[in-house]
*Asks:* 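The structure follows.
Computed from a predicted structure; not experimentally measured. These values consider heavy atoms only, across backbone and side chains, with no hydrogens, waters or symmetry-generated copies.
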Amino acid sequence: MHLQLKKLHKKFGTEIINFNLSKKLNNQYFKEILKTFDQYGILLFSNQNLSIKNQVMFGRKFGKVLIHAVNQNHAKEHPEIYVLSNLDNNGLPSGKHPDQGSLYWHTDGSWRKNTGQATIMVADIIPSKGGETHFCCMENAYDSLSNSMKLKIDDLFAIHNLDFSRNRRHGHDPLSKKQKNNAPPVKHPVVRTHPSTKRKSLFLGDHAEYIEGMDYLKGRNLIEQLNKLATKSKFIYKHKYKEGDVLVWDNRRLLHKGTKYDTAKEKRVMRRTTIIGEAPQ
């Protein structure tokens, strides 16, 4: 079985064209989809009409689906779906961004012991301007580092903390005590090896708070330095959504961030599913 592919970026990402996810969710097709996912890191399916039920089903084919600690954003009766919507109870733009933290470079679920494997994003309503998702390949970023920097960081561990990133970006809506207890800080290697590609990549982003065994401020500075080195334009793919897009990306080797849009005038509704992977090695 051969999928029809169209590259998104010269280094990573591909569109699977002329493919109806709702009708082809069987295991025979998924085996080829997973092989393509491991090869390219980002998959785009355009012009889809993927229901919430089928989105959950698609996610479970990758593995165990994450129930996000921020439960106020769960879809009704479907906690596997994390809804990013700026609409109020009347269906009008509220002027509030549903997740300010998504506007900064991060990888989904890095604040868990077993981090995010894949994320599935379904575009329901798209603003006329903004609201994009940008991706950075951390394998390519690691390869570009000097040998001295690689030697410096290869054995380091970073502490990832959802409460840290939440307070920085959502100080007005902090985690509850229960939510913090459900998402304690965890440590991960700064450099991880992908289980499929066997390539090394940086593993940092906005949830990484400090470096284990290093002075706090020095560790913060190193994290920010590496994040800046990693997010150069040559490593980035910028995706402008169309309604009906289904985008799947690999959290083990990519950072991503959203871009701003006019939350007071424009509508934007997205459905996100994150699949739990393994503890980084």
*Asks:* Please tell me whether L156 and L204 are part of a single hydrophobic cluster in this structure, the criterion being side-chain heavy atoms less than 4.5 Å apart.
*Replies:* yes

*Asks:* Kindly compute the distance separating CD1 (I276) from CG (L66), expressed to the nearest 0.5 Å.
*Replies:* 5.0 Å

*Asks:* For this output row, return yes or no: ring centroids of F37 and F62 closer than 6.0 angstrom.
*Replies:* yes

*Asks:* Is the closest side-chain heavy-atom distance between L84 and V269 below 4.5 Å?
*Replies:*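 A side-chain contact under 4.5 Å is absent here.
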
*Asks:* Any sub-3.5 Å donor-acceptor pair from H239's side-chain atoms to L8's backbone N or O?
*Replies:* no

*Asks:* Apply salt bridge (Lys or Arg N to Asp or Glu O under 4.0 Å) to residues E224 and R220 and explain how you reach the verdict.
*Replies:* CA-CA 6 Å; E224 294 299 336; R220 285 291 321 138; 2.5 Å; yes

*Asks:* Looking at H256 versus H106, is the centre-to-centre ring distance below 6.0 Å?
*Replies:*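 Between H256 and H106, the centre distance is under 6.0 Å.
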
*Asks:* Go through T119 and T273 one step at a time and tell me if the side chain to side chain contact (heavy atoms under 4.5 Å, CB included) criterion holds.
*Replies:* CA-CA 6 Å; T119 290; T273 304; over 6 Å; no

*Asks:* Less than 4.5 Å apart, side chain to side chain, heavy atoms only: is that true for L5 and I16?
*Replies:*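 A side-chain contact under 4.5 Å exists here.
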
*Asks:* Using a 3.5 Å distance criterion without hydrogens, assess whether the side chain of N227 forms a donor-acceptor pair with backbone atoms of G205.
*Replies:* yes

*Asks:* Counting N and O atoms only, with roles assigned by atom type, does the side chain of T259 sit under 3.5 Å from a partner on the main chain of G130, one being a donor and the other an acceptor?
*Replies:* no

*Asks:* Indicate, with yes or no, if I153 and F235 share a hydrophobic cluster defined by side-chain heavy-atom contacts under 4.5 Å among Ile, Leu, Val, Met, Phe, Trp and Tyr.
*Replies:*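 Each belongs to a different hydrophobic cluster.
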
*Asks:* Restricting to pairs with a member in residues 36-64, which pass salt bridge (Lys or Arg N to Asp or Glu O under 4.0 Å), not counting sequence neighbours?
*Replies:*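 Residue pairs with at least one partner in residues 36-64: D38-R252, R60-E80.
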
*Asks:* State whether E139 and R253 are salt-bridged, where the test is any N-O pair (Lys NZ or Arg NE/NH1/NH2 against Asp/Glu carboxylate O) under 4.0 Å.
*Replies:* yes

*Asks:* Does the plane of the ring in H9 sit parallel, tilted or perpendicular to the ring in F12? Use 30° and 60° as the thresholds.
*Replies:*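 Correct class here is tilted.
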
*Asks:* Does one side chain, of H134 or E132, offer a donor that lies under 3.5 Å from an acceptor on the other?
*Replies:* yes

*Asks:* Ring pair (Phe, Tyr, Trp, His ring centres under 6.0 Å) with F164: which residues, sequence neighbours excluded?
*Replies:*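 Ring pair (Phe, Tyr, Trp, His ring centres under 6.0 Å) check on F164 returns nothing, list empty.
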
*Asks:* So if you build clusters from Ile, Leu, Val, Met, Phe, Trp, Tyr with side-chain heavy-atom gaps below 4.5 Å, do L254 and Y142 land together?
*Replies:* no

*Asks:* Determine the interplanar angle of the F19 and F45 rings, folded into 0 to 90°, and report it as parallel if under 30°, tilted if 30 to 60°, perpendicular if over 60°.
*Replies:*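 Correct class here is tilted.
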
*Asks:* Would you confirm whether R192, through its side chain, and S201, through its main-chain N or O, come within 3.5 Å as a donor-acceptor pair?
*Replies:* no

*Asks:* So how far is it from I236 CD1 to C136 SG, rounded to the nearest 0.5 Å?
*Replies:*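 Reported value, rounded in 0.5 Å steps: 5.5 Å.
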
*Asks:* Indicate, with yes or no, if Y237 and W105 share a hydrophobic cluster defined by side-chain heavy-atom contacts under 4.5 Å among Ile, Leu, Val, Met, Phe, Trp and Tyr.
*Replies:*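 Unlinked, W105 and Y237 end up in two clusters.
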
*Asks:* A cation-pi test, strictly: NZ or CZ of K257 under 6.0 Å from the centre of the six-membered ring of Y104 and no more than 45 degrees from its axis. Yes or no?
*Replies:*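 Here K257 fails the 6.0 Å and 45° test against Y104.
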
*Asks:* Do NZ/NE/NH1/NH2 and the carboxylate oxygens of D88 and K96 come within less than 4.0 Å?
*Replies:*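 Between K96 and D88 there is no salt bridge, as every charged N stays at least 4.0 Å from the carboxylate O atoms.
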
*Asks:* Given the rule that I, L, V, M, F, W and Y join up when any side-chain heavy atoms are under 4.5 Å apart, are L255 and V191 in one cluster?
*Replies:*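 Hydrophobic grouping puts L255 with V191.
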
